[in-house]
Structures are given as C-alpha cells and as structure tokens.
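Throughout, protein chains are lettered first and strands after them, A, B, ... in sequence-line order, and every chain is numbered starting at 1. If you're wondering where the values come from, they're calculated on a predicted model, not measured in any experiment.
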Number of protein chains: 2
Amino acid sequence: MIELRPEQHEIIQKMSVFQVRAGMPPTEARILALLLVSDQTELTFDEIRETLNTSKSAVSTALNTLVLRNKVESITIPGDRKRYFKHQLKNWNANAKDGLEKLLSVNQLLKEILGVRTKETEDFNQDLKNVIAFIEFMQVELTQVFQKWNEQQENKQ
Amino acid sequence: MIELRPEQHEIIQKMSVFQVRAGMPPTEARILALLLVSDQTELTFDEIRETLNTSKSAVSTALNTLVLRNKVESITIPGDRKRYFKHQLKNWNANAKDGLEKLLSVNQLLKEILGVRTKETEDFNQDLKNVIAFIEFMQVELTQVFQKWNEQQENKQ
DNA sequence: AAGTTGGTTCTTTTGATTCAGAACCAAAAG
DNA sequence: CTTTTGGTTCTGAATCAAAAGAACCAACTT
C-alpha cells in the first residue's frame with residue numbers, strides 16, 4: 001500500500017473529475033491520476049488496488065483497457081511475477097494526434113451530406129462548404145504543427 | 001412531418017453515431033444531423049419531434065441545450081407562434097475552438113502535479129515537463145492557425 | 001371565458017455503466 | 001502434485017443518464 005500525501009489525494013480527485021467529464025470511466029481516470037502523482041512511477045496491481053481501495057475486477061479491467069489504449073504501459077521484471085504499471089507520458093503527443101484526427105474525420109460525413117442535399121438551399125450549402133474547407137484547412141495546418149514540434153524536439157538533442 | 005429520402009435517414013444514423021461516440025446525447029445528435037440533411041433548413045419543434053419519432057420532453061430539453069451551446073439557433077417569425085430551429089453552421093469554427101481550449105486546459109492540472117511530485121524521479125518529471133511544453137506549444141500554434149483562417153476569410157470578401 | 005397551440009417541467013421507467021464479490025485459472029514455488 | 005501468487009472472468013447489484021408520459025402553463029383564438 002502506497003502512502004499518499006493530502007495534496008496527492010486532492011489532485012487525484014481533481015484530475016479524475018476532469019477526465020470523467022471527458023468521458024473516461026472513473027476507475028480508469030483514478031488509476032491514470034494515481035500514476036501521475038505517485039512518488040513511485042511504477043506500481044503493482046495490488047498497490048493500485050489498495051491505494052485506490054477498489055476491487056480486483058475493477059482494477060483489472062481498467063488497467064487492461066488503459067494498456068490497450070496506450071495510456072499505460074505494463075512492465076515485467078525478470079524473476080518477478082508481478083507486472084508493474086507505468087503512465088505512458090511519452091505517448092501523450094501521439095494520443096493527442098490520434099484524437100484530433102478522429103475529430104477531423106467528421107469531414108467525410110459532411111461531404112456526404114453536401115452530396116445528398118438539395119441544391120435549392122444555396123446559402124446553407126455555402127456555409128456547409130465553408131465548414132468542410134475549414135476542417136480541411138485544419139488538417140493541413142495541424143500536420144504542419146505536429147511536424148514543427150517533432151523537428152524542435154530533434155534539434156534539442 | 002418531414003418526408004426523408006433513405007439516404008437522408010442513413011446519414012442521420014451515421015452522423016449521430018459519430019457524435020454520440022464523441023460524448024453527445026443521442027437525441028441531441030439526431031436533431032443536429034436532421035438539421036444538416038433536411039431539405040428545409042428551418043424546422044419547427046413538431047416537425048423535429050414527428051420526424052425523429054421522439055417525445056416532446058426529449059426534444060424540448062435537447063433543443064434547449066443545443067441552443068445554449070450555440071449549436072442550433074432558434075428563429076421566431078413575427079405573427080407565427082412557432083419557433084423555427086436551424087443548424088448554426090456559422091459557429092462551427094468557434095465551437096471547435098472552444099472544444100480544443102477545454103481539452104488543453106488540462107495543462108493547469110499537469111503543472112500542479114509537477115509542483116507536487118518528488119524531485120527523485122528525474123526522467124518521469126522530464127517527460128511530464130515535455131507534455132506540458134507540448135500543450136503550451138499547441139495553444140500558441142492553434143491560436144495562430146485560427147487567426148490565419150480568419151484572415152483568409154476576410155480577404156475573400 | 002373556454003378551447004387550442006406550442007411548448008416546459010416534473011416524475012417515473014427503462015436501459016446501460018460501473019463496480020464488487022466470488023469463482024476460476026495459469027504459472028511458479030515448495 | 002499441492003499450494004501460493006497474481007491476476008482474469010463471470011455473475012449480480014447499485015447507480016446513473018436518457019427518454020417517455022403526464023401534468024402544467026402562457027399566449028393566442030374563438
């Protein structure tokens with residue numbers, strides 16, 4: 001069992017509220033938050049379960065989906081049967097990119113809608129075309145922004 | 001009651017699935033999709049209710065939150081008691097900006113976490129600093145991207 | 001003033017998520 | 001081969017969000 005300072009508990013609370021609002025299940029959110037604030041960066045299944053005071057089943061399913069979604073990485077140390085779990089901070093960038101791309105993929109549907117609409121409603125259709133153009137613009141610009149970040153990072157080494 | 005062609009029904013289906021995945025309640029999603037595909041761009045409360053085959057209460061609350069969130073605009077025609085509802089395509093841009101800013105606001109919490117962490121775990125802390133830097137970078141770049149788009153639009157007129 | 005229209009608000013019902021508890025299982029240790 | 005460890009999987013049970021239904025209300029009509 002990990003001992004947490006009061007501030008750490010507080011942040012777990014605030015952070016998980018934030019993530020739950022964004023659609024993440026509570027247990028997953030609390031595990032992620034714990035892995036961010038804990039003094040040890042690698043925790044075992046049981047440390048997580050005890051510290052968060054949650055059932056084995058809840059922790060097991062939550063951890064598995066977190067690993068599946070590349071939010072958490074699971075580490076095995078040779079000669080130790082336990083698995084250790086660690087926040088995948090390194091993937092934050094890539095996850096963000098994936099998330100944005102998924103959002104922008106709505107453009108496919110908007111184009112379909114434009115294809116199906118009456119030609120009568122010219123103003124509306126023009127507005128729709130504009131949204132489509134905006135999303136396409138964002139796609140191009142965001143790729144450049146990500147590229148720029150990656151270049152900056154490489155130059156720092 | 002609005003008559004919809006099969007393709008229109010299909011798109012309402014696909015579009016609302018997409019939005020529901022992104023966290024929007026089903027009725028709201030279907031109303032938005034209907035307002036995008038319908039041949040008439042302005043529909044009354046009852047046209048929406050009948051076409052989507054939903055209860056008055058569900059339509060009422062959904063419409064009200066959509067109006068509150070600037071996703072739908074409500075129009076009144078003088079001498080007609082009914083309200084007409086229209087998709088706020090013009091606000092797509094601004095809504096996108098708000099949504100992104102909300103996502104990026106997690107940075108506040110990440111900074112708090114960094115302040116509370118042990119100094120022992122240097123690698124982890126460096127990764128965390130990197131995420132924070134990345135989000136700050138995105139904030140700056142995104143503002144510029146939005147600005148660039150707005151300038152382009154002004155020049156077109 | 002007695003409907004009718006165009007909704008809103010409150011309560012109940014339904015359905016889906018989430019979690020706990022227990023049974024279960026595979027790998028390693030004894 | 002039996003036991004322990006480190007989890008997983010399978011029911012319920014509790015909770016929660018969304019929708020339905022019904023009562024309600026204000027504005028307009030007749």
Side-chain angles (χ1 to χ4, degrees), chain A residues 1-2 12-13 15-35 40 42-69 71-86, chain B residues 1-2 12-13 15-35 40 42-69 71-86:
Chain A
M1 163 96 168
I2 302 285
I12 291 179
Q13 182 55 22
M15 189 73 183
S16 58
V17 165
F18 188 93
Q19 302 269 54
V20 166
R21 274 201 202 124
M24 182 176 288
T27 306
E28 286 181 37
R30 302 204 305 144
I31 292 175
L32 274 185
L34 170 60
L35 291 176
Q40 295 151 253
E42 296 169 12
L43 300 183
T44 68
F45 186 98
D46 253 20
E47 285 170 336
I48 295 172
R49 194 188 56 69
E50 287 177 336
T51 311
L52 296 182
N53 197 18
T54 309
S55 68
K56 278 168 70 160
S57 54
V59 172
S60 175
T61 47
L63 275 176
N64 286 330
T65 73
L66 285 173
V67 168
L68 207 72
R69 301 253 150 81
K71 306 268 188 179
V72 163
E73 114 191 81
S74 121
I75 296 160
T76 50
I77 298 174
D80 188 347
R81 266 187 78 200
K82 292 192 272 300
R83 288 202 286 162
Y84 289 80
F85 295 93
K86 186 175 183 190
Chain B
M1 161 99 168
I2 300 285
I12 291 178
Q13 182 53 23
M15 190 75 183
S16 59
V17 166
F18 188 95
Q19 302 268 58
V20 166
R21 274 203 201 121
M24 180 176 289
T27 304
E28 287 180 37
R30 301 205 305 143
I31 291 176
L32 274 185
L34 171 60
L35 291 175
Q40 294 151 255
E42 297 169 11
L43 300 183
T44 68
F45 186 97
D46 253 19
E47 285 170 336
I48 295 172
R49 194 188 56 70
E50 289 178 335
T51 311
L52 296 181
N53 196 18
T54 309
S55 68
K56 278 167 72 162
S57 53
V59 172
S60 176
T61 47
L63 276 176
N64 286 329
T65 73
L66 285 173
V67 168
L68 207 73
R69 301 254 151 80
K71 305 268 189 179
V72 162
E73 115 191 77
S74 120
I75 297 161
T76 49
I77 297 174
D80 186 347
R81 267 185 79 202
K82 291 191 273 301
R83 287 203 287 162
Y84 289 80
F85 296 93
K86 186 176 183 187

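The distance from atom CZ of B:Phe45 to atom P of D:dA26 is 18 Å, rounded to the nearest whole Å. Rounded to a whole Å, the CG atom of B:Asp80 is 13 Å from the C1' atom of C:dG7. Residue A:Asp46 contributes atom CG, which lies 17 Å from atom P of D:dT4 at whole-angstrom precision. To the nearest angstrom, P of D:dG6 lies 17 Å from CD1 of A:Ile75. Atoms CZ (A:Arg83) and P (C:dA26) sit 16 Å apart, rounded to a whole Å. Rounded to whole angstrom, the span from the CD1 atom of B:Ile77 across to the P atom of C:dG6 amounts to 13 Å. For the pair B:Leu66 CG and C:dT8 P, the computed distance is 13 Å after rounding to whole Å. Nucleotide C:dG6 holds its P atom 14 Å from the CD1 atom of B:Ile48, rounded to whole Å.
Taking OG of B:Ser74 as the start and CG of B:Asn64 as the end, the distance is 9.0 Å to the nearest 0.5 Å. One distance of note links NZ of B:Lys86 with CD1 of B:Ile75; it measures 5.5 Å at 0.5 Å rounding.
Nearest heavy atom pair, residue A:Phe85 against residue A:Thr44, reads CD1-C, 4.4 Å. The minimum heavy-atom distance linking A:Ala33 with A:Ile12 is given by the pair CB-CA, 3.8 Å. The shortest heavy-atom contact between A:Ile31 and A:Ala62 is CD1-CB, 3.7 Å.
Sorted by first then second residue, the salt bridge (charged side-chain N to carboxylate O under 4.0 Å, His left out) pairs that include residues 46-66 of chain B, not counting sequence neighbours, are B:Asp46-B:Arg49. Residue pairs meeting the side-chain hydrogen bond (donor to acceptor under 3.5 Å, both in side chains) criterion with at least one member in residues 16-29 of chain B, sequence neighbours excluded: B:Glu28-B:Thr65.
Residue contacts for A:Asn64: at a heavy-atom cut-off of 4.0 Å it reaches the sugar-phosphate backbone alone, with no base atom in range.
The salt bridge (Lys or Arg N to Asp or Glu O under 4.0 Å) search around A:Lys82 returns A:Asp80, not counting sequence neighbours.
Between C:dT18 and A:Thr27, no contact under 4.0 Å exists linking OP1 or OP2 to a side-chain N or O.
Within residues 49-62 of chain B, the residues having any heavy atom closer than 4.0 Å to DNA chain D are, in order of number, B:Thr54, B:Ser55, B:Ser57, B:Ala58.
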Shorter than 3.5 Å, N or O on both sides, protein versus nucleotides 27-30 of chain D: list them out with atom names.
residue, atom, partner, partner atom, Å
D:dA27, N3, B:Arg81, NH1, 3.4

Protein and nucleotides 11-15 of chain D: nitrogen or oxygen contacts under 3.5 angstrom:
none

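You'll find the side chain of A:Thr54 reaches within 4.5 Å of the side chain of A:Arg30, heavy atoms only. Residues B:Val59 and B:Leu52 have side chains not in contact (no heavy-atom distance under 4.5 Å, counting atoms from C-beta outward). Using a 4.5 Å heavy-atom cutoff, the side chains of A:Arg83 and A:Leu63 are not in contact.
Here D:dG6 is the nucleotide among D:dG6, C:dT18, D:dA19 with the atom lying nearest to any side-chain atom of A:Lys82.
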